[in-house]
Asker: 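One structure follows; several queries about it will come next.
These numbers come from the heavy atoms of this one structure, side chains and all, not from hydrogens, waters or symmetry mates. Labels below follow one simple rule: chain letters A, B, ... track the order of the sequence lines, proteins then strands, and each chain is numbered from 1. Computed from a predicted model, the values in this text were never measured in an experiment.
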Amino acid sequence: MKTMILSKLPSKSTRLRRCRFHFNLASDSSSARPFSSSTISTEKNDPTTQFQKTASNVCEVIRRKPRWESSILSLFPPSTSGIFHSICISLVIRRLSDSNPLLSFRYLLWLSSTSSSISLDPEAAGSFLNALSASRAWKPALHAIRSVKCLSEFSVLDPFVFHLCSDTRSIYCDNNLLYDLCDILESHSTELSLPSWNSILYASLITEKTDLFHRFYSMMIESGTDPDASTAGYLIRALCRDGEPTVAYHVLRDVSRKRIIPDVVSITQLISAFSKGGNFGRVSEILHLMIASGSQPDLFTYQEIINALCDGAGRTAMVDEAFRIFNDLKLKGYACDVVTYTTMIDGLCKSGRMEEALLLWSEMVANGIRPNNYTYNAIINGYCKSGNIDHARKIYDEMLSKGFKESTVSCNTMLAGLCLHGRLADAINLFAEMPKRGIHHDVITYNTLIQCLCKEGKTSDAIELYSSMLATSIKPSISTYTPLIMILCEEGRMTDAMELIKIMEAQGLEPLVCSNDFIISGFCRVGDAEKGMAWLSRMLQGNLKPRAETMDRLVECLCSLGQVDCALQVMKKMFDISYSVGSSVCHLLISKLCAVDSYQACQLLDEIVLVES
DNA sequence: ATAGGGTTAG
């Protein structure tokens with residue numbers, strides 16, 4: 001007991017001391033000065049004594065009178081009381097800051113509305129901002145900095161900025177804090193210390209304000225502050241978040257030439273970005289650079305690579321490579337954890353290698369790692385995809401019996417499994433069950449079932465489900481509309497299909513290219529070649545390439561309507577965008593043309609040969 | 001001392 005107290009106490013007091021160091025540096029060094037009898041004459045009519053008197057009276061009034069602003073000047077006439085003298089102002093600010101920071105803020109506001117330029121000593125300015133920082137009154141503090149010039153002096157502003165940006169919770173809560181800070185810094189072109197710049201950059205990064213990040217970063221560079229490893233790391237992370245891994249990579253190259261090595265987290269994010277983009281050549285390059293510069297990739301680094309290698313469902317070779325890295329990790333003594341195991345198990349499940357996945361599961365358990373929701377879901381998904389719904393169900397029940405709660409994701413997984421294997425009735429049943437079991441639907445739940453209903457030809461049920469979705473707070477996505485548009489086009493319900501396209505556009509959703517194909521084919525199906533052609537023009541204008549099949553259909557439709565010229569026009573449009581025309585379309589059109597006009601047929605043939613060469 | 005990692009449809 002005693003040792004516990006002893007071991008705890010010192011660390012706590014060190015922390016306290018450190019806090020005071022940051023917060024009260026200015027006030028500590030000066031606290032004695034105004035009242036120090038050794039430096040100031042004690043005569044009655046000494047001006048300093050006068051200011052002290054006024055200051056304490058002003059404080060009294062401000063503390064006691066609710067609406068002191070309206071009467072304070074009549075109580076303290078500026079010419080005789082010295083209320084606007086910098087010594088007096090500083091004294092009031094310091095006293096109020098100590099007891100009631102917001103009152104000192106109000107006093108400062110009043111000052112700035114009354115007197116054009118306020119001057120207070122840096123110590124008072126410092127304790128003012130420290131007091132507001134300590135009570136996390138960031139908005140008033142920023143407001144004060146904006147309106148009172150002496151608050152943006154380096155010695156006052158720098159610690160303030162550092163504390164503001166370290167309070168990540170407030171920054172998350174109030175989006176505008178960083179923007180306000182940015183505006184202030186841009187208008188003052190203040191210098192800041194490297195730690196302060198880094199804390200600003202970190203705050204911008206974690207709140208995903210990369211626009212701000214770059215503004216701050218330029219200010220930092222313009223102010224002549226040299227970035228360090230943290231700065232470089234944050235820059236790399238910001239660029240990765242912006243989808244600019246290549247730029248981030250060049251930053252990494254540049255700084256490592258100067259022997260500045262960003263932290264593993266940042267480099268891992270860069271590796272993650274290239275992994276997700278499938279650029280594994282670049283990934284191994286960065287790994288080499290990392291190792292050569294003396295920093296070791298860790299479990300997280302490899303985890304990103306393994307995950308990306310497992311991502312492509314059809315790429316079994318990549319899963320093999322992931323598995324190789326995974327096994328290599330174990331050999332090298334990395335402590336693979338539940339996430340690493342789950343990622344690998346999921347990769348194996350997704351490529352249909354259930355036996356290996358289950359072996360890994362056993363190995364994991366043997367190593368004392370408990371499977372969690374994610375692990376269970378990977379296996380359930382694996383069984384669902386391979387059509388073994390009953391096994392999936394068994395694992396699902398096991399998951400529940402182990403105390404893991406089912407979720408929207410686990411239900412969606414089962415739902416998709418049922419849908420995939422034609423068990424529509426069970427799927428509908430599960431959908432209805434979900435809310436009863438306290439599991440809410442989401443956009444994926446709806447999309448899965450809508451797609452399934454469309455696939456099974458239950459168009460009206462699909463539309464009904466879509467309508468009921470609109471009554472919820474769940475917003476439809478592109479994948480909600482794609483199967484609906486497809487089925488409507490297949491049924492020749494072009495008015496309804498076009499209606500959905502319009503709704504999508506109104507919701508800012510871009511129909512997939514294949515939906516455009518469906519529309520054209522649909523118009524052909526109902527013999528409306530004109531609308532089909534119009535839609536084709538729209539597609540081509542939007543730089544979308546129709547499928548060869550769609551073209552076949554349109555040419556076929558136009559030919560059957562005897563509109564060979566139009567068919568020819570379609571062909572020309574294809575040539576214009578140097579689209580390679582399928583041979584079946586060429587055959588069809590040329591044979592049609594031959595029947596009408598063999599000269600034109602020859603011309604077309606020439607052009608095809610020209611384009612294809 | 002701590003940061004960063006894995007799931008469902010298409």
Side-chain angles (χ1 to χ4, degrees), chain A residues 11 14-15 18 166 168 198 202 205-206 229-230 233-234 236-237 240-241 262-273 275-276 297-311 313 322 326 329 334 336-350 364 369 371-382 384-385 392 396 399 404 406-420 427 430 434 439-455 474 476-486 509 511-515:
Chain A
S11 79
T14 335
R15 206 163 53 214
R18 218 187 289 152
S166 307
T168 46
N198 280 340
Y202 182 70
L205 180 72
I206 60 166
S230 300
Y234 300 150
I236 287 169
R237 287 165 68 171
C240 287
R241 180 160 285 160
D263 55 313
V264 191
V265 176
S266 305
I267 302 183
T268 296
Q269 298 207 344
L270 184 58
I271 284 176
S272 168
S275 298
K276 291 198 170 85
D298 63 14
L299 190 62
F300 288 74
T301 317
Y302 288 113
Q303 157 73 31
E304 290 292 342
I305 299 168
I306 291 169
N307 189 35
L309 285 168
C310 287
D311 210 32
F326 175 79
L329 275 182
Y334 283 89
C336 288
D337 63 10
V338 63
V339 179
T340 334
Y341 269 102
T342 300
T343 305
M344 200 58 242
I345 288 171
D346 187 46
L348 291 167
C349 285
K350 284 196 175 114
M364 179 177 110
I369 301 163
N372 63 17
N373 290 340
Y374 289 85
T375 327
Y376 272 104
N377 205 61
I379 297 286
I380 293 165
N381 190 37
C384 280
K385 290 292 172 304
Y396 202 99
M399 174 181 84
F404 293 106
E406 58 178 347
S407 64
T408 302
V409 173
S410 66
C411 286
N412 286 349
T413 306
M414 282 303 295
L415 188 75
L418 295 168
C419 286
L420 186 65
L430 175 55
M434 283 173 68
I439 312 295
H440 62 261
H441 296 141
D442 69 1
V443 66
I444 296 177
T445 322
Y446 276 95
N447 290 356
T448 307
L449 195 50
I450 287 172
Q451 188 200 32
C452 183
L453 289 167
C454 291
K455 194 182 75 182
I474 303 162
S477 68
I478 296 174
S479 303
T480 314
Y481 292 101
T482 310
L484 289 169
I485 290 169
M486 183 185 77
L509 298 172
L512 292 184
V513 182
C514 72
S515 293

Asker: For A/Ser266, enumerate each residue passing the side-chain hydrogen bond (donor to acceptor under 3.5 Å, both in side chains) test, keeping only those at least two apart in sequence or located in another chain.
Answerer: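 Listed in chain order: A/Asp263.
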Asker: For A/Ser266, which contact category applies under a 4.0 Å heavy-atom criterion: base, sugar-phosphate, or nothing?
Answerer: nothing
Asker: Apply ring pair (Phe, Tyr, Trp, His ring centres under 6.0 Å) to A/Phe300 and list each qualifying residue two or more places apart in sequence or on a separate chain.
Answerer: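 For A/Phe300 there are no ring pair (Phe, Tyr, Trp, His ring centres under 6.0 Å) partners, ignoring immediate neighbours.
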Asker: Over all strands shown, is A/Val443 touching base, sugar-phosphate only, or nothing at heavy-atom distances under 4.0 angstrom?
Answerer: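 The answer is nothing, as A/Val443 stays clear of every strand by at least 4.0 Å.
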Asker: Select base, sugar-phosphate, or nothing to describe what A/Ala416 touches, counting heavy atoms under 4.0 Å on all strands.
Answerer: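 A/Ala416: backbone/sugar contact only, no base atoms under 4.0 Å.
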Asker: Which part of the nucleic acid, if any, lies within reach of A/Thr343 when heavy atoms closer than 4.0 Å are counted: base, sugar-phosphate only, or nothing?
Answerer: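 Sugar-phosphate contact only - A/Thr343 comes under 4.0 Å of backbone atoms but never of a base.
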Asker: Assign A/Asp346 to base, sugar-phosphate, or nothing according to its heavy-atom contacts below 4.0 angstrom with the strands shown.
Answerer: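 Counting heavy atoms under 4.0 Å across all strands, the contact made by A/Asp346 is with sugar-phosphate only.
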Asker: Just to be sure I understand the rule, does A/Thr413 reach a base, reach only the sugar-phosphate, or reach nothing, if contact means heavy atoms closer than 4.0 Å?
Answerer: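 Sugar-phosphate: the residue A/Thr413, judged by heavy atoms under 4.0 Å, touches backbone atoms but no base.
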Asker: Going by the rule side-chain hydrogen bond (donor to acceptor under 3.5 Å, both in side chains), which residues pair with A/Ser275 if we only count those two or more places apart in sequence or in a different chain?
Answerer: none
Asker: Check every strand shown and say whether A/Thr448 touches a base, only sugar-phosphate, or nothing at a heavy-atom separation below 4.0 Å.
Answerer: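 A/Thr448: backbone/sugar contact only, no base atoms under 4.0 Å.
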Asker: Taking heavy atoms of chain A and a 4.0 Å limit, find me the 5'-most and 3'-most nucleotide of DNA chain B within that range.
Answerer: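 Contact span on the strand: B/dA3 to B/dG10.
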Asker: With sequence neighbours left out, write down each residue that passes side-chain hydrogen bond (donor to acceptor under 3.5 Å, both in side chains) with A/Glu304, or none if nothing qualifies.
Answerer: A/Ser272, A/Lys276
Asker: Distance check, rounded to the nearest 0.5 Å: A/Cys419 atom SG versus A/Leu430 atom CG?
Answerer: 9.0 Å
Asker: Mind checking what makes ring pair (Phe, Tyr, Trp, His ring centres under 6.0 Å) contact with A/Tyr396, not counting sequence neighbours?
Answerer: none
